[in-house]
Amino acid sequence: MPDRAPQPVDRQLPTDEARDLISLVRDIAQHEIAPKAAEEEGAGHFPREVFTLLSRTGLLGLPYASEHGGADQPYEVYLQVLEELAAARLTVGLGVSVHTLSSYALATYGTKEQRVEHLPAMLGGGLLGAYCLSEPSSGSDAASLRTRAVLDGDDWVITGTKAWITHGGVADFYTVMARTGEEGPRGITAFLVPADAEGVSAAAPEKKMGMKGSPTAQVHFDGVRVPDSRRIGDEGQGFAIALSALDSGRLGIAACAIGVAQAALDEAVGYATGRQQFGRPIADFQGLRFMLADMATQIEAGRALYLAAARLRDAGRPFAKQAAMAKLHCTDTAMKVTVDAVQVLGGYGYTADFPAERYMREAKVLQIVEGTNQIQRMVIARHLAGPETR
């Protein structure tokens, strides 16, 4: 029905290389991802072949060093790649964000030997990662996690269950936070665990409202032995590593949210300019035009917010507050814009014949993952007013 093709986002990119990169991503999104998105999401198909393609073309290691298989791209560019991928299919955009998050601990806190040994395969060798922090009884209160690692000779023996793990059961490696010492945040250590290690298993994927093509599952560690050479950072440093990773990861979620919102806006504009009622396109009616204008304004504001935070990160300046603000604003925007897109399409928006309803279902999870939006408000308030008094 749409007779107005969506225009590509006019991006401000720092280099010709970045512009070429965005062109490559758009080509992959248009020809390899978007055409299959609705069918494969409906069938719950995980597109591993797409991630293999992204790895082969260097898109799974964009913000990391080229000497270890990355692409030396600033976060400002990497996040705009995520947005393009998420607009085509959130399972792919979010999957790249999670893989990047899963590689962060080793890339940032690993020893030189660890980076040389593991990063090339993680960033460009076809591997896919998962990030294991949350547990069945510790989500927002991540410092209370119960999974334990005990030193036995030169090995750590990891026992416990992680929950809500994106790529659980399909990942090749897990970045795992486990308790090695006292209760609370100071007793947690990070480990790089291969998925094929004896004792690693995954439960059946959760049955979710949206993102059915992206497996989310509990991952069980039943006496899994990993050598001390796979410990990342110092003992007791794991929680600090986890929080540092999440600051960057939240920017990934923000970018994905704007991608979904942009896709929903494009669908709404295309429909409104093609749908005739009362002898003219419904886009002629002021009430609907104002809806579209508000949707576009919210998206532009969200994009500017996540890019401003990314530029702080690229400059080596503190950005945790801005990352929380971006995650909060962009995911709330995605929820509102996708709801409004369904409204623009009317009855058709409620059917699976159009993607608007899928965008709405997918947007909801972005307000939850990598710190709920209530947690983001707590983070922002702490930066403004200091820690809560007890």
Side-chain angles (χ1 to χ4, degrees), residues 55 58-79 81-82 95-125 127-134 142-143 145 149 156 166-167 171-178 180 185-186 188-194 226 228-255 306 309-324 326-327 370-371 379:
S55 179
L59 296 177
L60 287 190
L62 288 177
Y64 297 121
S66 57
E67 65 177 309
H68 299 308
D72 292 318
Q73 288 298 316
Y75 245 65
E76 172 188 1
V77 173
Y78 157 68
L79 293 179
V81 168
L82 280 189
V96 173
S97 181
V98 167
H99 176 81
T100 303
L101 174 70
S102 306
S103 303
Y104 175 91
L106 189 73
T108 307
Y109 292 89
T111 65
K112 179 180 179 180
E113 292 75 18
Q114 287 175 324
R115 293 196 296 270
V116 168
E117 181 178 359
H118 299 296
L119 274 181
M122 292 164 63
L123 301 182
L127 300 187
L128 190 65
Y131 181 78
C132 296
L133 176 62
S134 295
L145 65 83
W156 291 90
T166 301
H167 300 159
D172 300 295
F173 66 89
Y174 296 101
T175 296
V176 180
M177 305 300 162
T180 56
R186 292 186 178 87
I188 296 170
T189 302
F191 298 91
L192 181 68
V193 181
V226 295
D228 187 57
S229 60
R230 281 182 170 265
R231 171 177 49 82
I232 304 172
D234 297 330
E235 288 184 46
Q237 193 181 12
F239 195 68
I241 292 173
L243 293 185
S244 178
L246 286 173
D247 284 339
S248 297
R250 285 165 180 161
L251 291 179
I253 299 302
Y306 86 62
R311 288 166 185 147
L312 286 176
R313 186 190 189 281
D314 290 333
R317 296 173 58 187
F319 69 99
K321 179 181 73 175
Q322 288 80 5
K327 199 274 183 182
E370 293 190 31
V379 170

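We're numbering straight along the sequence, starting at 1.
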Would you check if the side chain of [X] reaches a backbone N or O of [Y] as a donor-acceptor pair within less than 3.5 Å?
X    : Y    : result
R317 : L312 : no
S102 : V98  : yes
K327 : G252 : no
Y131 : A242 : yes
H68  : P120 : no
D314 : P74  : no

- Item | No-hydrogen, no-angle side-chain donor-acceptor test under 3.5 Å, R231 and T189 | no
- Query: Does the side chain of T100 pick up a donor-acceptor pair with the side chain of Y64 at under 3.5 Å?
  - Reply: no
- From the options I241, V193, L192, select the one residue that forms a side-chain contact (heavy atoms from CB on, under 4.5 Å) with T175.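 When side-chain contact (heavy atoms from CB on, under 4.5 Å) is applied between T175 and each of I241, V193, L192, only L192 qualifies.
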- Query: Under a 4.5 Å cut-off applied to non-hydrogen side-chain atoms, are L123 and L60 in contact?
  - Reply: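 No. Closest side-chain heavy atoms not under 4.5 Å.
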- Query: Got a salt bridge between R250 and E370, using NZ or NE/NH1/NH2 to carboxylate O under 4.0 Å?
  - Reply: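 No salt bridge links R250 with E370.
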- Task: Output, in order, the C-alpha distance, side-chain angles, deciding distance and verdict of side chain to side chain contact (heavy atoms under 4.5 Å, CB included) for H99 and F173.
- Result: CA-CA 10 Å; H99 176 81; F173 66 89; 3.9 Å; yes
- Steps toward side chain to side chain contact (heavy atoms under 4.5 Å, CB included) verdict (F319, L251): CA-CA 10 Å; F319 69 99; L251 291 179; 3.9 Å; yes
- Please determine if R230 forms a cation-pi arrangement with F191, meaning its NZ or CZ atom is less than 6.0 Å from the six-membered ring centre and no more than 45° off the ring axis.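 Judged by the rule (NZ or CZ under 6.0 Å from the ring centre, within 45° of its axis), R230 is not positioned above F191.
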